[in-house]
Amino acid sequence: MASEPTRGKDFLRTIVDEDLAAGRHQHVATRFPPEPNGYLHIGHAKAICVDFGIAADYGGTCNLRYDDTNPTKEDVEYVEAIERDVRWLGFAPSRVLYASDYFEEMYRLACRLIEKGLAYVDDHDDEQIKAHRGSLTEPGRPSPGRDRGVAENLERFAAMRAGALPDGACVLRAKIDLGAANMKMRDPLLYRIRHAHHHRTGDAWCIYPMYDYAHPLSDAFEGISHSICTLEFENNRELYDWVIAATEVTPLPDLVAGRPVGAPPRQYEVARLALDYTMMSKRKLLRLVEDGLVAGWDDPRMPTLAGMRRRGFTPEAIRAFCDLIGVAKNNSTVDVGKLEYAVRDDLNRRAPRLLGVLRPLKVTLTNHAAGDERLAPLFPEDLDPERTRGARAVPFDKDLYIDAEDFSLEPPPGFRRLAPGRVVRLRYAEAIRCDEVRLDDAGQPVELRCAVVPAAEAHGEKVWGVLHWVSATRGVRCEVRLYDRLFDVPRPDAAEDVRTVLNPRSLEVVAGAVVEPHVAALPAGTRFQLERLGYFVADAVEARPGALVLNRVITLRDSWEKATAAAGPDAEVAAPAARSARSKTRPDKKSAAEQRTIARARDPELAARHDRWLALDVGADLVDLLTGDRDTSDLFAATLAAAPARARTLARWIVNELPRELGDRAPGETALTATALAALVGLVDDGDITAAAGKELLAELVAQGGDPVALVAARGLRQVSSADDLGPLVAEVLARNGDKVGQYRGGKTGLLGFFVGQVMKASGGKANPATVNDLVKRALEA
RNA sequence: UCGGGGAUCGUCUAAUGGUAGGACACCAGCCUUUGGAGCUGGCCAUCAAGGUUCGAAUCCUUGUCCCCGAACCA
């Protein structure tokens with residue numbers, strides 16, 4: 001039985017499942033919220049696939065929402081490019097919306113905040129605000145305006161909007177907590193003055209909301225259920241929730257018409273995509289464009305969707321790549337090889353095979369007349385076994401070209417191509433033998449005179465390889481652009497100056513390539529393979545009828561080149577992850593152990609218990625853990641009173657097993673009582689029930705309370721230890737898993753745990769594990 | 001001397017106390033009129049140390065390392 005490939009649901013979909021099951025939401029609503037200040041890149045593609053993908057999986061909706069709250073950086077050019085790229089990737093937004101359309105409503109809610117005493121106008125400039133914000137380890141200090149009255153704040157905020165004040169004169173801030181450990185909560189800015197033209201609202205506004213204010217409100221207006229962003233916003237989540245609660249924002253009816261809206265939106269963070277040898281910073285990408293280091297946002301070497309599209313990547317390949325890398329919270333850097341794999345895998349299946357020559361070397365057939373052709377299928381047999389995907393005629397003439405690379409005067413070992421005196425096969429045509437080489441003055445071959453060798457193999461000729469070729473008389477001249485990675489180093493983002501990490505060979509223009517005529521007949525946008533060379537597409541921007549310009553999308557996998565380049569200069573080892581200067585100076589966290597010590601120093605009762613319990617047969621480690629806080633300590637004291645002889649077991653259960661059931665709650669907040677816990681532990685300690693049953697019971701006591709002894713009796717949970725009772729169970733499990741029995745006997749002894757687990761489950765947790773182990777082992781080895 | 005996150009094959013990612021799985025990469029073999037594709041096999045991981053448990057990647061403890069946070073950016 002082939003085990004089907006398992007891919008567990010990612011953590012976001014797990015959360016969505018739970019929210020749907022719990023009734024928190026009936027409808028899944030997500031959004032993709034780019035700021036229109038640059039072109040979308042492959043990192044955004046991941047976000048798009050997550051946002052739109054989850055909505056699609058659950059029959060929900062996903063809005064494209066421009067987060068256009070900073071007029072100084074944004075532009076309609078980007079707005080248009082973004083929607084085009086999203087649609088090209090294959091996703092249709094449920095709605096296309098703009099945060100700037102919510103400005104009036106946001107302003108209204110800001111006034112509400114002021115009225116509630118939760119926001120104020122601050123006259124400090126940015127330097128003063130910074131100085132008053134404190135540091136990671138020191139609290140902030142209030143600025144003079146912090147305690148102004150509501151009426152005055154309202155008036156001043158209105159003045160900000162009215163336009164009388166210059167940029168930077170004042171800001172609106174939330175009044176939260178200047179001492180908050182989370183810097184984002186130290187009275188964050190809500191609005192700033194910007195006398196700037198907005199690409200959409202024009203000059204209607206001169207105050208603009210900040211991200212932390214605009215984003216949660218936009219989500220709430222649209223009735224978003226799950227708001228997914230990247231890891232660096234984890235600190236913003238607390239503020240996100242604050243804004244939604246403080247403004248008491250509700251969905252806008254127009255935006256959620258016809259669908260149920262459940263609980264307020266919640267933010268979830270996922271790792272952003274990092275790709276080695278790739279730059280993701282929009283700012284640095286913009287520099288590349290502005291400095292003319294690339295031909296534009298859609299330069300085929302750019303990691304932008306526009307660039308990849310022009311290069312010839314397909315949306316299917318990019319989506320497959322996003323599936324491949326998954327969604328998680330680990331900081332990770334994906335190997336670009338995975339992207340390349342996805343592109344090749346997609347193109348392999350869809351691209352017709354044609355012939356073309358990059359650097360032509362003339363071959364004259366000495367025993368072939370002229371004007372012939374060869375019929376060649378467009379796809380190899382493994383992709384088209386029924387031969388239904390078409391064929392074309394390839395001109396075959398006396399004068400041909402092969403690629404210069406495919407000929408060597410002195411072939412190195414392992415060179416399976418043409419050389420003087422050798423025979424090779426021409427793809428889809430006859431074999432030829434190189435009888436004569438004509439050289440130029442520099443000693444370079446300029447013409448090979450070859451004879452066609454009919455039925456070479458049948459005559460026992462050694463055929464050294466198969467070469468691509470093209471007719472010299474009927475081939476089509478064209479320009480071909482060969483792309484390599486734009487950057488030379490694994491982490492170009494880390495470089496101060498991008499110029500230093502640019503790969504000087506990222507673009508090679510081959511002017512004199514020749515391809516078979518069929519290439520020119522392909523519908524625009526068709527990706528095709530030139531056999532043995534890679535995948536190509538006509539450049540959509542610069543190709544003209546009669547002046548073909550081809551982009552190489554990607555090379556073929558090439559095990560020959562890999563073998564030859566093995567000793568090559570790939571000396572760039574991953575840059576040592578230079579520990580940031582900051583992390584060195586960072587204070588260490590106060591450890592939990594220290595906190596317990598401090599608690600005892602402050603609370604004499606805890607200290608007294610600590611000393612007293614040291615005399616018990618419990619162990620110093622456990623006593624330490626039991627006396628770090630009152631809740632735990634009280635519980636142990638109470639259970640100890642009920643069952644003084646069981647101190648050690650009691651301690652273990654409280655320390656090791658209880659936390660899992662409690663979660664964040666204190667014992668007193670649950671249905672669990674000390675007497676019940678003591679009784680439960682007694683049951684386990686005496687062997688009346690198994691540890692497994694004990695844990696199940698504990699979960700129930702925490703949830704609903706009850707008397708363990710009575711529960712055990714009512715459910716018949718007493719431990720079963722006799723081999724007579726357990727034997728049949730073991731036999732049944734083994735019979736049901738014959739294949740695994742075989743594997744076990746074949747040496748896969750790790751399966752023992754599997755069998756024991758199965759028996760334990762079958763017994764409802766009542767079986768004595770030691771007996772089961774024994775029984776299983778004996779049965780397996782019988 | 002703070003707050004928030006994260007550590008599983010070289011890489012990405014599963015396994016919610018019961019077989020550490022998949023993919024990419026790599027290596028070998030088969031096949032091949034693409035040094036492609038395909039097929040088969042192989043190498044390879046739970047950050048460390050203790051503890052609880054019949055059984056720990058998973059629960060408890062201690063420690064280590066990494067990322068983010070003090071824009072009128074998003």
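In this text, all values refer to a predicted model and were calculated from it rather than measured experimentally.
- If you check every strand for non-hydrogen atoms under 4.0 Å, A:Leu625 touches sugar and phosphate atoms only.
- Checked by atom type and distance alone, the side chain of A:Asn182 pairs as donor or acceptor with a backbone atom of A:Asn235 at under 3.5 Å.
- A donor-acceptor contact shorter than 3.5 Å is absent between the side chain of A:Glu661 and the backbone of A:Leu658.
- Nucleotide B:rA49 forms a pair with B:rU61, judged by Watson-Crick or G-U wobble geometry with both contacts under 3.5 Å.
- Pairing for B:rG41 is with B:rC27, a Watson-Crick or G-U wobble pair whose two hydrogen-bonding atom distances lie under 3.5 Å.
- A:His124 comes within 4.0 angstrom of a base, heavy atoms only.
- One P atom belongs to B:rA15, the other to B:rC9, and the distance between them is 16 Å to the nearest Å.
- B:rG50 atom P lies 19 Å from atom CG of A:Asp624, rounded to whole Å.
- Distances were taken from every side-chain heavy atom of A:Val655 (C-beta onward) to each of B:rC60, B:rU62, B:rA74; the shortest belongs to B:rC60.
- Here, B:rC65 and B:rC27 have their P atoms 36 Å apart, quoted to the whole Å.
- Looking at heavy-atom distances under 4.0 Å, A:Asp125 makes contact with a base.
- Residue contacts for A:Asn773: at a heavy-atom cut-off of 4.0 Å it reaches a base atom on one of the strands shown.
- Of the candidate nucleotides B:rA74, B:rU61, B:rC12, B:rA74 has the atom nearest to the side chain of A:Phe233.
- Each of A:Gly134 and A:Asn331 was matched to the nucleotide of RNA chain B holding its nearest heavy atom; the match closer to the 5' end belongs to A:Asn331.
- Taking only side-chain atoms of A:Asn656, from C-beta outward, the nucleotide of B:rC12, B:rC54, B:rC60 with the closest atom is B:rC60.
- What separates CZ of A:Arg186 from P of B:rA71 is a distance of 11 Å, to the nearest Å.
- Atom CE of A:Met210 and atom C1' of B:rA74 are 9 Å apart (whole Å).
- Between the C1' atoms of B:rU19 and B:rC24, the separation comes to 24 Å (whole Å).
- Across B:rU64 and B:rA20, the matching C1' atoms stand 24 Å from one another, rounded to whole Å.
- Pair assignment for B:rG69: B:rC2, on the basis of Watson-Crick or G-U wobble contacts that are both within less than 3.5 Å.
- Annotated as anti: B:rA28, whose O4'-C1'-N torsion sits more than 90° from 0.
- The separation of B:rU53 from B:rC68, taken at their C1' atoms, amounts to 37 Å, rounded to a whole angstrom.
- Aromatic rings from A:Phe415 and A:Trp464 are positioned such that their centres are separated by 6.0 Å or more.
- A donor-acceptor contact under 3.5 Å links the side chain of A:Asn235 to the base of B:rG3.
- For A:Leu12 and B:rU13, the CG to C1' distance is 14 Å, given to the nearest whole Å.
- Across the P atoms, B:rA7 and B:rU46 are found 16 Å apart, a figure rounded to whole Å.
- Of the candidates B:rC68, B:rC72, B:rA70, the closest approach to any side-chain atom of A:Glu232 belongs to B:rC68.
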- request: For nucleotides 27-47 of chain B, just jot down a letter per nucleotide in 5' to 3' order: B, S or -, based on protein non-hydrogen atoms under 4.0 Å.
  value: ------BBBBB----------
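- For A:Tyr191 and A:Tyr213, the distance between ring centers is under 6.0 angstrom.
- Figure legend: cation-pi geometry between A:Lys740 and A:Phe754, with NZ or CZ positioned under 6.0 Å from the six-membered ring centre and within 45° of its axis.
- Remark: C1' of B:rC68 and CD of A:Glu234 are 7 Å apart, rounded to the nearest angstrom.
- Comparing B:rU19, B:rC73, B:rA56 by their nearest atom to the side chain of A:Asn70 picks out B:rC73.
- Remark: the separation of the C1' atoms in B:rC59 and B:rG17 is 8 Å, to the nearest Å.
- A close approach under 4.0 Å does occur between a side-chain nitrogen or oxygen of A:Thr69 and OP1 or OP2 of B:rA74.
- Contacts of A:Thr771 with the nucleic acid, taken as non-hydrogen atoms under 4.0 Å apart, are absent.
- The phosphate of B:rA71 has OP1 or OP2 within less than 4.0 Å of a side-chain N or O from A:Lys130.
- You'll find that the side chain of A:Asn330 is closest to B:rG6, out of B:rC60, B:rG6, B:rA74.
- In the set B:rG5, B:rA71, B:rG18, B:rG5 carries the atom at the smallest distance from any side-chain atom of A:Lys329.
- A donor-acceptor pair under 3.5 Å is absent between the side-chain atoms of A:His215 and the main chain of A:Tyr211, judged by distance alone.
- OP1 or OP2 of B:rU13 sits under 4.0 Å from a side-chain N or O of A:Ser332.
- Rounding to whole angstrom units, CE of residue A:Met760 and C1' of B:rU19 are separated by 18 Å.
- Within the cation-pi definition used here (under 6.0 Å to the ring centroid, within 45° of the axis), A:Arg389 qualifies as a partner of A:Phe379.
- Using a distance-only test at 3.5 Å, with no hydrogens or angles considered, no donor-acceptor pair links the side chain of A:Asp335 to the main chain of A:Lys338.
- Within the nucleic acid shown, A:Leu751 comes within 4.0 Å of at least one base atom, counting heavy atoms only.
- Following rounding to the nearest Å, A:Lys695 (NZ) and B:rC60 (C1') show an atom-to-atom distance of 11 Å.
- Nearest nucleotide to the side chain of A:Met183, out of B:rG3, B:rA70, B:rC72: B:rA70.
- Look at A:Arg186 and A:Asp177 and you find no salt bridge, because none of the NZ, NE, NH1 or NH2 atoms lies under 4.0 Å from a carboxylate O.
- When the P atom is used for both B:rG6 and B:rG10, the distance is 23 Å, rounded to whole Å.
- A:Asp335 has its CG atom 11 Å from the C1' atom of B:rC26, to the nearest Å.
- Geometrically, A:Arg194 does not engage A:Tyr208 in a cation-pi contact defined by less than 6.0 Å to the ring centre and at most 45° from the axis.
- For the pair A:Arg192 and B:rC73, the criterion of a side-chain N or O lying under 4.0 Å from OP1 or OP2 is met.
- Across A:Asp123, A:Asp126, A:Ile129, A:Val121, a single residue satisfies side chain to side chain contact (heavy atoms under 4.5 Å, CB included) together with A:Val171, and that is A:Ile129.
- Relative to the side chain of A:Arg194, the nucleotides B:rA70, B:rA23, B:rC72 differ in distance, and B:rC72 lies closest.
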